[in-house]
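In what follows, a structure is listed as structure tokens, so that the remarks can point back to it.
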Amino acid sequence: MKFSEKDPAENKESELARRKVDWSCLLVVASLVGAFGSSFLYGYNLSVVNAPTQYIKAFYNDTWEKRHGHPIDPDTLTLLWSVTVSIFAIGGLVGTIMVKMVANVLGRKSTLLVNNGFAISAALLMAFSLQAESLEMLIMGRFLMGVDGGIALSVLPMYLNEISPKEIRGSMGQVTAIFICIGVFSGQLLGLPELLGKESTWPYLFGVIIFPAVVQLVSLPFLPESPHYLLFEKQDEAGAVKAFQKFLGKADVAREVEEALAESHVQKNLHLVSTLELLRDPFVRWQLITVIITMACYQLCGLNAIWFYTSSIFGKAGIPQANIPYITLSTGGIETLASIFSGLVIERLGRRPLLIGGFLLMALFFGTLTVTLSLQDRAPWVPYLSIVCILAIIASFCSGPGGIPFILTGEFFQQSQRPAAFMIAGTVNWLSNFAVGLLFPFIQKSLDSYCFLVFASICIIGAVYFYFVLPETKNRTHAEISQAFAKRNKAQPPKEKSTPL
């Protein structure tokens, strides 16, 4: 019987069955293990420094006094603390710059494995810094964790993008964002005074980092390398077929291999694209601009500013100071739930609506928050409205803008271009992160609560750009995505040739 003669219900049932096969056990394991030892640690290290702040400063003061015979100057202490927090972003930039070379020499999976060395070294340095009376060990540990994060946030999305079929590529990619949120929540949870957030145990908050790294270190060797890497970089077609079969849990991987071969044959005479070559390439000019703007908006949209205001707003709402750390857990919980929601609906709604809608909702709630903060003392219920706005901003961010930038970077570029593209995207990400940390105190001092209008403007600008420029990439091959950008680039991409198997 011809395919066209099949009953529509039968065709639909067959399609649903095929999609269920795509969600194989090994794909789930690869995404969970990869994210637990990578993006989870990034999120954890974003929040873990908040709880022990006063104990770390006391540790710095005691260490300084033992060395120099007098207490540390307040300005010097502020500088040391600022370095401790911000050096994480500097390490992230260093890690990002390393990605292009390491990921193509070692492969995606092996790079993630080697990256655990940075996390384990950092955990040991920070966990024993108090015992060794060395503030330098804590600062160096934060730097190494930044390197780990810079590599992880580039290589993990690359790996997940290359092992997943296009039908679930968005959901797989969203795992990165989900585990960032779980990491943030875990840092908040373990930082409670009843757990590790007290003077005698704060070094163990950093020592915990070693556990996810070890789990990934012992698990990843049993998973296949990226089939796209095997096919393009190693010219190992047999190995790529086996990797596809294992990841997808089926013997017939002809469609997936054919799509990969089409890209491989287009690029077989091309060398690995350098960063400068990618910047000059007219075929990907608007893809690159879009990734840069997406990553910049990801960091500059104001979510980091929300964390600055959370404690003060909760305090003004009448919540006792001792209870604020527990209420703050709600923000981490909202983050996690919103990112899971995004992962569930991204293949139905698409990247574009979630990204545009997320930024527009953030702008709306930033505007509302500005009003409620201005009227904070007018009525007893107004501070509670501010809390609702904070939770709504966090949910809006995690439902789209929080994870989609990493997915788009993997979808926009060919195999030979991805390492350079992730390096550029990561550089923008970490530089923007550093800029927010550096400039926000001055913006906040000048504008007070009106600083949120600056972030609302950035969200609106980003949403407008994506509305006019960003095509939907859901369930599209690289060739189809490139074609969608061709008119704007005023250059047709090379045609991909399908190769019979």
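When reading the values below, keep in mind they use all heavy atoms of this one structure, side chains included, and skip hydrogens, waters and symmetry mates.
Among residue pairs with one or both ends in residues 389-414, those qualifying as salt bridge (Lys or Arg N to Asp or Glu O under 4.0 Å) are R169-E411, R351-E411; sequence neighbours excluded. Sorted by first then second residue, the side-chain hydrogen bond (donor to acceptor under 3.5 Å, both in side chains) pairs that include residues 143-152, not counting sequence neighbours, are N115-D148. Within the structure, every pair that satisfies the salt bridge (Lys or Arg N to Asp or Glu O under 4.0 Å) test and touches residues 102-122, not counting sequence neighbours, is listed here: R108-E162.
Using cut-offs of 30° and 60° on the angle between ring planes, the pair F466 and F359 is parallel. Note on ring orientation: taking the six-membered ring where Trp is involved, the planes of F179 and F40 are perpendicular (angle over 60°, cut-offs 30° and 60°). Relative ring orientation between F366 and F452 is described as parallel, the plane-to-plane angle staying below 30° on a 0-90° scale split at 30° and 60°.
Of the possible donor and acceptor atoms, one in the side chain of S399 sits under 3.5 Å from a partner among the backbone N and O of S396. S38 contributes no side-chain N or O that, together with a main-chain N or O of A152, makes up a donor-acceptor pair within less than 3.5 Å. Put simply, the side chain of N489 gets close to the backbone of F283: a donor and an acceptor are under 3.5 Å apart. No donor-acceptor pair under 3.5 Å is formed between the side chain of K487 and the backbone N or O of A484. In this structure, N45 contributes its side chain and L41 its backbone to a donor-acceptor pair below 3.5 Å. S342 places no side-chain N or O within 3.5 Å of a backbone atom of S339 that could act as its donor or acceptor partner. A side-chain donor-acceptor contact under 3.5 Å links S134 to the backbone of M137. At least one donor-acceptor pair closer than 3.5 Å links the side chain of E277 to the backbone N or O of S274. E133 places no side-chain N or O within donor-acceptor distance of the main-chain N or O of T63, the cut-off being under 3.5 Å. E347 places a side-chain N or O within 3.5 Å of a backbone atom of G170 that can act as its donor or acceptor partner.
Taking CD of Q414 as the reference point, atom CD of Q287 lies at 9.5 Å (rounded to 0.5 Å). Taken from CZ in F36 to OG in S31, the straight-line distance is 13.5 Å, to the nearest 0.5 Å. With rounding to the nearest 0.5 Å, the separation of CD1 in I182 from CG in L189 is 12.5 Å. Rounding to the nearest 0.5 Å places CE of M140 at 13.0 Å from OG of S129. Once rounded to the nearest 0.5 Å, the distance linking CH2 of W81 with CD1 of I72 reads 13.0 Å. Separation of atoms CG (L160) and OG (S226) is listed at 10.0 Å; rounding is to 0.5 Å.
You'll find the ring centres of W286 and F412 outside the 6.0 Å limit. Aromatic ring centres of Y298 and F406 lie closer together than 6.0 Å.
Because its NZ or CZ atom is not both nearer than 6.0 Å to the ring centre of F206 and within 45° of the ring axis, R142 does not count as a cation-pi partner of that residue.
Side-chain contact between K57 and L77 is present, with heavy atoms from C-beta onward closer than 4.5 Å. With contacts defined as side-chain heavy-atom distances shorter than 4.5 Å, the pair Q417/D281 qualifies. Looking at heavy atoms from C-beta onward, V48 lies out of side-chain contact with L190 at the 4.5 angstrom threshold. M172 places a side-chain heavy atom less than 4.5 Å from the side chain of I163. Side-chain contact check for L112 versus Y159: some heavy-atom pair is nearer than 4.5 Å. Taking the side chain as every heavy atom from C-beta outward, L288 and F413 approach each other to under 4.5 Å. The shortest side-chain heavy-atom distance between N433 and L93 does not fall under the 4.5 Å cut-off.
Side-chain contact of S171 with Q174: a donor-acceptor pair under 3.5 Å is absent, judged by distance alone.
Screening V49, L125, I56 for a side chain to side chain contact (heavy atoms under 4.5 Å, CB included) involving L138 leaves a single residue, I56.
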**OP:** Take T84 and Y60, measure what side-chain hydrogen bond (donor to acceptor under 3.5 Å, both in side chains) needs, and give me the verdict at the end.
**Re:** CA-CA 11 Å; T84 304; Y60 283 180; 2.7 Å; yes

Subject >> side chain to side chain contact (heavy atoms under 4.5 Å, CB included) between Y467 and R352, intermediate numbers included >> reply: CA-CA 8 Å; Y467 179 81; R352 193 169 178 271; 3.8 Å; yes

**OP:** Output, in order, the C-alpha distance, side-chain angles, deciding distance and verdict of side chain to side chain contact (heavy atoms under 4.5 Å, CB included) for Y44 and V184.
**Re:** CA-CA 5 Å; Y44 184 85; V184 169; over 6 Å; no

Original post:
What do the steps show when you test V102 against I151 for side chain to side chain contact (heavy atoms under 4.5 Å, CB included), and what is the final call?
Top reply: CA-CA 9 Å; V102 178; I151 293 174; 6.0 Å; no

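Partners of C389 according to the side-chain contact (heavy atoms from CB on, under 4.5 Å) rule, which considers only residues two or more places apart in sequence or in another chain, are T368, L369. Under the side-chain contact (heavy atoms from CB on, under 4.5 Å) criterion, T78 pairs with S82, not counting sequence neighbours. Listed by chain and number, the residues in a side chain to side chain donor-acceptor pair (under 3.5 Å) with S457 amount to none (sequence neighbours excluded).
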